[in-house]
Number of protein chains: 2
Amino acid sequence: MGVVVASAVANSEEVFTPRQQQVLTAALDLLVEQGDRLTMTSVARRASCSKETLYKWFGDRDGLLTATVQWQAAKVKAPQVDRWRLDAASLRQSIEQFARDLLGTIVGDVSVTLNRLAIGHAGAEKHGLGAIVLENGPLAIRKRLKPVLEAGREARLLRFDSSEEAYRSFFGLVVRDAQIRLLLGETFTPAEAEIARDAARATEQFLAIYAVHQAA
Amino acid sequence: MGVVVASAVANSEEVFTPRQQQVLTAALDLLVEQGDRLTMTSVARRASCSKETLYKWFGDRDGLLTATVQWQAAKVKAPQVDRWRLDAASLRQSIEQFARDLLGTIVGDVSVTLNRLAIGHAGAEKHGLGAIVLENGPLAIRKRLKPVLEAGREARLLRFDSSEEAYRSFFGLVVRDAQIRLLLGETFTPAEAEIARDAARATEQFLAIYAVHQAA
DNA sequence: GAGCGACCGTACCGTACGTTACGGTTCGGC
DNA sequence: GCCGAACCGTAACGTACGGTACGGTCGCTC
């Protein structure tokens with residue numbers, strides 16, 4: 001286990017020195033470039049540091065990977081959608097913004113790489129990375145979206161039993177098969193415009209399901 | 001590359017002797033048990049065969065894995081939904097059946113394992129497995145669902161521009177975040193009943209989006 | 001029953017990589 | 001100007017595992 005990385009999961013208080021962040025950046029770059037096959041030697045070389053330092057700071061290979069994922073995941077905290085009034089238009093806008101954030105993140109190189117890594121680890125009974133990615137990916141967005149959805153329900157703009165359920169359908173409508181296809185190696189990088197269009201479509205569909213019928 | 005496994009992708013004509021299938025079964029079992037870390041030695045031991053035979057039949061480790069995935073994937077070909085008349089009820093029933101198939105497959109141990117494996121390979125620039133899994137997973141279902149959707153459109157029961165698009169939203173509504181959560185190591189195994197309920201909900205939602213409004 | 005091909009079990013080889021060890025350099029504190 | 005801590009670069013160690021070689025057994029053919 002890592003020396004600096006203590007509790008393995010969700011210790012966002014963890015702080016890295018600038019030098020350490022350089023190392024983590026190097027590790028992340030190599031991860032994106034060559035996936036899980038990166039070697040400690042290559043990280044050391046890329047970061048211009050010694051392996052000894054690597055081991056001193058991160059304990060072992062897993063510690064380094066965990067630190068990298070953790071550190072990167074912590075950066076995802078996108079800005080809260082600030083003030084939204086509770087009319088149909090602004091609700092729709094908030095939701096669409098979330099859809100764009102979510103989709104944009106998920107189709108990114110870094111997201112694909114980190115998810116691949118975490119999935120690989122999960123396949124080896126090491127669920128630490130999976131938990132971190134889960135926590136900072138889908139769950140983070142969900143946590144931010146939930147109050148919006150519930151305010152929408154409060155205002156009788158939306159109808160659903162459980163915000164959990166509603167969120168999951170939202171996720172499905174936004175992500176569809178894009179994530180699994182990317183993870184499986186299909187290479188497509190939607191432009192900003194496509195993402196926006198997809199987000200709009202997903203929002204439309206979500207509202208078609210969960211919006212209260214505005215009976216004139 | 002494998003000796004027996006020729007074209008790497010979608011050569012379903014490939015046939016394995018019973019003995020070879022025993023070996024592949026052993027490999028699959030080990031894969032489910034320990035993920036990508038299975039060794040050639042362990043497969044040989046489990047299948048009571050020599051490593052030499054393994055290499056003779058499958059070429060190398062990748063060949064064995066490819067053969068395993070390919071062979072397993074070929075078994076997924078679920079029965080076509082046979083005759084469906086084109087009223088709203090039977091259309092709905094067909095779609096719901098697809099949803100159950102899809103969800104049931106995806107939450108299964110074997111699916112999770114094989115997807116993990118293929119994703120790992122995709123992360124190492126070896127897209128063969130990813131292509132196979134993609135081909136036999138999502139794409140196979142889509143291929144079977146497509147005529148149903150288009151017949152529905154023909155009969156003015158459904159409205160959509162592209163069946164591709166409609167399928168992808170269907171996929172999203174059915175799978176939601178279940179697949180990625182399982183891949184990341186969350187362990188939940190929905191009962192038959194839950195799957196059926198989720199499939200029904202997804203169908204409901206899909207129709208809410210794509211069914212033509214039956215204006216009384 | 002001799003010859004032969006397919007296959008098993010096991011011992012062996014080569015290598016890549018995680019991990020450790022060590023000599024040399026920089027730098028802040030006194 | 002000296003000391004120790006932190007760090008760099010590199011060499012060395014240990015091992016796990018992919019891949020190969022080989023002797024032995026079974027079963028089939030002539």
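Every chain is numbered from 1, with letters handed out A, B, ... down the list of sequences. Small disclaimer: the values here were computed from a predicted structure and weren't measured.
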[X] has an atom [atom1]; how far is it from atom [atom2] of [N], in whole Å?
X	N	atom1	atom2	result
B:Leu54	D:dT20	CG	P	12 Å
A:Leu38	C:dA16	CG	C1'	14 Å
B:Lys56	D:dC22	NZ	C1'	14 Å
B:Arg61	C:dA16	CZ	P	16 Å
B:Gln20	C:dA6	CD	P	13 Å
A:Leu64	C:dT19	CG	C1'	14 Å
B:Arg37	D:dG18	CZ	P	13 Å
B:Asp60	D:dC17	CG	P	17 Å

4.5 Å side-chain heavy-atom contact, [X] and [Y]:
X	Y	result
A:Phe170	A:Ile209	no
B:Val23	B:Cys49	yes
A:Ser169	B:Arg201	yes

Checklist entry - For the residue pair B:Phe58 and B:Phe16, does the interplanar ring angle fall in the parallel (under 30°), tilted (30 to 60°) or perpendicular (over 60°) class? => result tilted
Item to check | Nucleotide of C:dC8, C:dG18, D:dG18 approaching B:Tyr55 most closely (side-chain heavy atoms) | outcome: D:dG18
Next on the checklist: Any base atoms under 4.0 Å from A:Arg19, or only sugar-phosphate, or nothing? Heavy atoms, all strands.
Outcome noted: sugar-phosphate
Next on the checklist: Please check if the number of heavy atoms outside B:Glu192 that lie under 6.0 Å from its CD is greater than 12.
Outcome noted: no
Checklist entry - Should the heavy atoms of other residues, nucleotides or ligands under 6.0 Å from CD of A:Glu33 be counted, would the total exceed 12? => result yes
Next on the checklist: Quick check on contacts: within residues 42-52 of chain A, what sits under 4.0 Å from DNA chain D by heavy-atom distance?
Outcome noted: A:Ser48, A:Cys49, A:Ser50, A:Lys51, A:Glu52
Item to check | Side-chain donor-acceptor pair present, A:Asp109, A:Thr113, cut-off under 3.5 Å | outcome: no
Checklist entry - Would you say B:Trp57 reaches C:dC7's phosphate, i.e. side-chain N/O to OP1/OP2 under 4.0 Å? => result yes
Checklist entry - Counting just side-chain N and O atoms, does A:Thr53 come under 4.0 Å of either OP1 or OP2 of D:dC8? => result yes
